[in-house]
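Structure, as structure tokens:
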Amino acid sequence: MHNDYPTFPGFENVSLEDSYVLDIAVHPGVLTLRLDLLLLPGHLEYLPPLPGERACFRQARVVFSSVRDLHWAGQSVIKPAIVASGGADFGSVDSLTCLHGGYKILGDWGEINLQSDVPSLSIDLALTT
């Protein structure tokens with residue numbers, strides 16, 4: 001699958017395909033994906049994995065603001081896995097591409113097509129456990 005997201009400002013040295021979608025929230029004018037985000041070596045927040053960890057993950061949010069149009073297909077197939085901590089895991093972001101002045105996001109949770117400003121990525125301050 002084609003992915004444009006590594007060219008978006010702030011999305012360098014992360015892997016959405018290897019991250020976990022913890023929540024998807026749609027509010028008027030805003031779409032937010034809450035992630036357990038995989039940071040790659042070279043990212044400013046990257047730390048070597050601790051013993052027993054397979055990679056550097058951090059809690060993060062991808063926010064699409066000024067949403068003018070949003071279509072979400074496949075919502076009825078959403079059945080999140082429940083992780084050991086009791087939280088939900090909706091799978092990964094299989095693809096995030098810029099398409100006709102908007103964005104297309106694909107994952108186990110369906111397909112979202114939207115018109116919005118360029119998405120932003122923010123990493124939470126606290127490390128995940």
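Only this structure's heavy atoms are used, side chains among them; waters, hydrogens and symmetry mates stay out. The first residue of the sequence shown is numbered 1, and numbering continues consecutively from there.
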- Query: Quick one: are Gln59 and Asp36 in side-chain contact, heavy atoms under 4.5 Å?
  - Reply: yes

- Query: Got a sec, which residues hit ring pair (Phe, Tyr, Trp, His ring centres under 6.0 Å) with Tyr5, two or more places apart in sequence or on another chain?
  - Reply: none

- Task: Give a yes or no on whether Val30 and Val26 share a hydrophobic cluster (residues Ile, Leu, Val, Met, Phe, Trp, Tyr; joining criterion: side-chain heavy atoms under 4.5 Å apart).
- Result: no

- Message: I'd like to check the side-chain hydrogen bond (donor to acceptor under 3.5 Å, both in side chains) partners of Ser15; sequence neighbours left out, ordered by chain and number.
- Response: Glu17, Asp18

- Message: Using the rule given for side-chain contact (heavy atoms from CB on, under 4.5 Å), can you reason through Ile24 versus Leu31, listing the C-alpha separation, both sets of side-chain angles and the distance that settles it, and then say yes or no?
- Response: CA-CA 7 Å; Ile24 302 170; Leu31 167 70; 3.8 Å; yes

- Let me know which of Leu38, Leu39, Val14 forms a side chain to side chain contact (heavy atoms under 4.5 Å, CB included) with Ser19. Leu38

- Task: Kindly indicate, with the supporting measurements, whether the criterion side-chain contact (heavy atoms from CB on, under 4.5 Å) is fulfilled by Leu16 and Leu33.
- Result: CA-CA 11 Å; Leu16 295 181; Leu33 304 175; over 6 Å; no

For residues 96-106, dump all side-chain donor-acceptor pairs below 3.5 Å to protein atoms at least two apart in sequence or in another chain.
none

- Item | All salt bridge (Lys or Arg N to Asp or Glu O under 4.0 Å) counterparts of Asp4, not counting sequence neighbours | none

- Task: Identify the heavy atoms of Asp124 and Arg58 that sit nearest to each other, and give their distance.
- Result: O-NH2, 2.8 Å

- Query: Checking Glu53 side chain against Pro51 main chain: does a donor-acceptor pair fall under 3.5 Å?
  - Reply: no

- Item | Contacts of type side-chain contact (heavy atoms from CB on, under 4.5 Å), residue Ser120, not counting sequence neighbours | Val63

- Which heavy-atom pair separates Cys56 from Pro49 by the least distance, and what is that distance? N-CG, 4.1 Å

- Note on the structure: All heavy atoms of Ser116 vs all of Ser65, minimum pair found to be CB-O, 3.4 Å

- Item | Exercise: identify the closest heavy-atom pair between Val62 and Pro119 | CG1-CB, 4.1 Å

- Query: In chain order, what residues pass the side-chain hydrogen bond (donor to acceptor under 3.5 Å, both in side chains) check against Asp23, with sequence neighbours excluded?
  - Reply: none

- Message: So Leu121 and Phe8, do their side chains get closer than 4.5 Å, heavy atoms only?
- Response: no

- Transitively linked via ILVMFWY side-chain contacts under 4.5 Å: Val118 with Phe64? yes

- Scan residues 14-55 for pairs that pass ring pair (Phe, Tyr, Trp, His ring centres under 6.0 Å), counting only residues two or more places apart or in two chains. Tyr20-Phe57

- Message: Suppose we screen for salt bridge (Lys or Arg N to Asp or Glu O under 4.0 Å). Which residues come up paired with Arg68, at least two apart in sequence or across chains?
- Response: Asp117

- Can you sort out the partners of Glu111 under side-chain hydrogen bond (donor to acceptor under 3.5 Å, both in side chains), two or more places apart, ordered by chain and number? Asn113

- Item | Evaluation steps, side-chain contact (heavy atoms from CB on, under 4.5 Å), between Asp94 and Ser92 | CA-CA 6 Å; Asp94 296 330; Ser92 65; 3.0 Å; yes

